[in-house]
**Q** 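Questions regarding the structure given below will be posed in turn.
When a ligand or atom number is given, it counts from 1 through the structure's own listing order.
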Amino acid sequence: MLVTLQHIRAARERIAGKVERTPCVPSQSLSERAGHPVHLKLEHHQTTGAFKLRGASNAIAALNPQEKSRGVVAASTGNHGRALAHAAKLEGIRAVICMSKLVPENKLDAIRRLGADVRIIGNSQDDAQQEVDRLVAEEGLVMLPPFDHPDIVAGQGTLGLEIMEQVPDATAVLVPLSGGGLAAGVAGAVKSVSPHTKIIGISMARGAAMKASLDAGRPVQVEELPTLADSLGGGIGLDNRLTFAMCRGLLDDVILLSEDEIAAGIRHAYEQEREIVEGAGAVCIGALLAGKVEVSGPNVLILSGRNIDMGLHRRIVCGEAIAERAA
Ligand SMILES: *Cc1c(COP(=O)(O)O)cnc(C)c1O
């Protein structure tokens, strides 16, 4: 394995006191529906509203003093940028965040308020990445990518360690899947402790880059499309070094959801669990509700983030947003 349990345990020590240990609670309605205990890992309550603070805090804490003095830069669909801005501010170092125009306004504002230098470049993550490469080459900033980096994966893996302490008898863990940093880290931690626990990745059908890459046997590009799960958008990088191999080796299955199924997840989280989650944070619930997951014992569903535009959330809960998109 490319990121080991030892690496993940070291990350946990490094980020202690900088991130929350989030609750993992049983869901009565989902347990009844599944016929087995279903637990929700409430990671959307993490500081900055998503798990990305784990990886960002670990990667920044692992920099040497010389690297810290140069500052950090990343391309981000929002939550990684926000996490990096937060962690950089705590350390008193400079952060530049590059994003595509697809990133929602609410996420942009949050990052600006944390004092980061935000740059909007082009229509895709790949365009934003070109600006990152320029800043690394010309200004000497240190790139901390959203997923394909050992310290980022190890930081996200701390979530898996918590899950195994909170639900030691879990037979499956459902993980929202985009670039695969979260899935690789969680799978690395969980499989080291409990090799038979299944790890199921959940993506949106509209632009599922990791699924397409796993099917092709190598990283491939897919068209980036607007989706309710905007935090799952973007490619895995044609030169992916780490997360593709880890996901290929460790994931037991990948499930794809329609926009309606993601919306149903957001609605269920709100009405039955009293939780506000963004699209990416709702996909595990959506997959279970859609009957796409075979449940054979206690399951843990990761609710990965809550940074949704509240106007959009209101329209989804009222059942409007899907019709609007189809029009
Ligand atoms: C980034 C993100 C994901 C996906 O994580 P990857 O490591 O890219 O697979 C899932 N949910 C939320 C809320 C995110 O911000």
**Q** Going by the atom numbers of ligand 1, which of them fall below 4.0 Å from some non-hydrogen atom of Ala280?
**A** 11 (N), 12 (C), 13 (C)

**Q** Which atoms of ligand 1 sit under 4.0 Å from any heavy atom of Leu232?
**A** 3 (C), 4 (C), 10 (C)

**Q** Using a strict cut-off of 4.0 Å, indicate which atoms of ligand 1 neighbour a heavy atom of Gly180.
**A** 6 (P), 7 (O), 8 (O), 9 (O)

**Q** For the residue pair Ser231 and Ala280, what are the closest heavy atoms and their distance?
**A** CB-CB, 3.7 Å

**Q** Have a look at Arg306, Arg82, Lys52, His80 and point out the one with the heavy atom closest to atom 15 (O) of ligand 1.
**A** Lys52

**Q** Considering only heavy atoms from C-beta outward, does the side chain of Glu131 approach that of Val73 to under 4.5 Å?
**A** no

**Q** Going by the order shown, which atoms of ligand 1 are within less than 4.0 Å of some heavy atom of Gly305?
**A** 13 (C)

**Q** Please list, in number order, the atoms of ligand 1 under 4.0 Å from a heavy atom of Ser231.
**A** 1 (C), 2 (C), 12 (C), 14 (C), 15 (O)

**Q** For ligand 1, which atoms sit closer than 4.0 Å to a heavy atom of Phe51?
**A** 1 (C), 2 (C), 3 (C), 5 (O), 10 (C), 11 (N), 12 (C), 14 (C)

**Q** Under a 4.0 Å threshold between the charged nitrogen and the carboxylate oxygen, would Asp109 count as salt-bridged to Arg113?
**A** no

**Q** Using a strict cut-off of less than 4.0 Å between a Lys/Arg side-chain nitrogen and an Asp/Glu carboxylate oxygen, indicate whether Glu162 and Arg54 qualify as a salt bridge.
**A** yes

**Q** For the CZ atom on Arg9, are there more than 12 heavy atoms of other groups (residues, nucleotides or ligands in this structure) within a distance under 6.0 Å?
**A** no

**Q** Any salt bridge between Arg134 and Glu138, counting N to O under 4.0 Å?
**A** yes

**Q** Which ligand 1 atoms are under 4.0 Å away from a heavy-atom of Gly181?
**A** 6 (P), 7 (O), 9 (O)

**Q** By number and element, which atoms of ligand 1 are closer than 4.0 Å to a non-hydrogen atom of Glu278?
**A** 13 (C)

**Q** Show, in sequence, the C-alpha distance, side-chain angles and deciding distance for Asn307 and His44, and conclude whether the side chain to side chain donor-acceptor pair (under 3.5 Å) test is met.
**A** CA-CA 8 Å; Asn307 294 326; His44 61 303; over 6 Å; no

**Q** Give yes or no for whether the N/O distance cutoff of 3.5 Å, strictly under, is met between Leu182 and ligand 1.
**A** yes

